[in-house]
Amino acid sequence: MENDQREAVNDKQVEKEGKYKMPVNFVKSEVVYNLHRQKDPGRFILVESFLSVFQLYQNDFENVVGLMGSSMSEQQGELIVNALGINGK
């Protein structure tokens, strides 16, 4: 296994670099994960993370969107309000 690319990560690296490696210039606070795939953009379930979106989708909840963290930014709020429209739920 000469070309094995496994990498060990310790707690200090996670604190410094974050738990997940995102692409350069990716701004989590400007994204609502899965929002662009909504069939009924006026009605969806909002969860904390993209992993929660995966889990719910696997259990037949298709209208699920996720924040990219534990708090909602102003930009994410605007995206959600725009997607929901006047009669959103």
Side-chain angles (χ1 to χ4, degrees):
M1 292 184 120
E2 292 177 21
N3 295 327
D4 195 353
Q5 298 296 319
R6 293 181 205 172
E7 183 178 316
V9 178
N10 63 41
D11 290 340
K12 290 188 184 204
Q13 280 179 298
V14 170
E15 287 175 19
K16 181 180 172 187
E17 299 173 11
K19 191 172 183 180
Y20 305 103
K21 290 187 178 183
M22 298 295 181
V24 177
N25 299 325
F26 179 79
V27 182
K28 306 191 303 187
S29 63
E30 296 178 359
V31 175
V32 178
Y33 183 79
N34 209 37
L35 186 60
H36 66 289
R37 290 189 182 105
Q38 296 311 300
K39 295 174 187 168
D40 181 3
R43 183 182 184 96
F44 51 77
I45 300 167
L46 176 64
V47 296
E48 182 177 339
S49 70
F50 60 93
L51 295 174
S52 297
V53 172
F54 297 163
Q55 186 176 22
L56 287 168
Y57 192 86
Q58 288 176 342
N59 287 287
D60 298 323
F61 291 92
E62 293 182 2
N63 277 6
V64 181
V65 299
L67 301 176
M68 299 296 289
S70 59
S71 62
M72 185 185 321
S73 71
E74 188 174 326
Q75 294 91 342
Q76 288 170 318
E78 289 174 12
L79 290 170
I80 290 168
V81 167
N82 291 337
L84 287 173
I86 272 182
N87 297 317
K89 298 178 181 174

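Excluded from the calculations below are hydrogen atoms, water molecules and symmetry mates; all remaining heavy atoms, backbone and side chain alike, are included. Positions are given from 1, in the same order as the sequence printed here.
Taken from OG in Ser52 to CG in Leu46, the straight-line distance is 10.0 Å, to the nearest 0.5 Å. To the nearest 0.5 angstrom, Leu51 atom CG is 11.5 Å from Leu56 atom CG.
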### Verdict with supporting geometry, Val53 and Val47, side chain to side chain contact (heavy atoms under 4.5 Å, CB included)
CA-CA 7 Å; Val53 172; Val47 296; 3.7 Å; yes
Side-chain donor-acceptor distances from residues 32-41 under 3.5 Å, at least two apart:
from  : atom 1 : to    : atom 2 : distance (Å)
Asn34 : OD1    : Arg37 : NH1    : 3.1
Asn34 : ND2    : Val64 : O      : 2.9
Gln38 : NE2    : Asn34 : O      : 2.9
Gln38 : NE2    : Val64 : O      : 3.3
Lys39 : NZ     : Glu62 : OE1    : 2.9
Asp40 : OD1    : Gly42 : N      : 3.3

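Counting only residues at least two apart or on different chains, no salt bridge (charged side-chain N to carboxylate O under 4.0 Å, His left out) pair has a member in residues 45-56. Every pair passing side chain to side chain donor-acceptor pair (under 3.5 Å) that includes a residue from residues 66-82 is listed here, sequence neighbours excluded: Ser73-Gln75, Ser73-Gln76.
Phe44 is listed as a side-chain neighbour of Ile80, based on a closest heavy-atom distance under 4.5 Å.
Between Tyr57 and Phe61, the ring center distance fails the sub-6.0 Å criterion.
When the side chains of ILVMFWY residues are joined at heavy-atom separations under 4.5 Å, either directly or via intervening members, Val31 and Val81 end up in two distinct hydrophobic clusters.
For Gln55, the side chain to side chain contact (heavy atoms under 4.5 Å, CB included) criterion is met by Asn59, not counting sequence neighbours. Take Val27 and apply the side chain to side chain contact (heavy atoms under 4.5 Å, CB included) test, not counting sequence neighbours, and it matches Ser29, Glu30.
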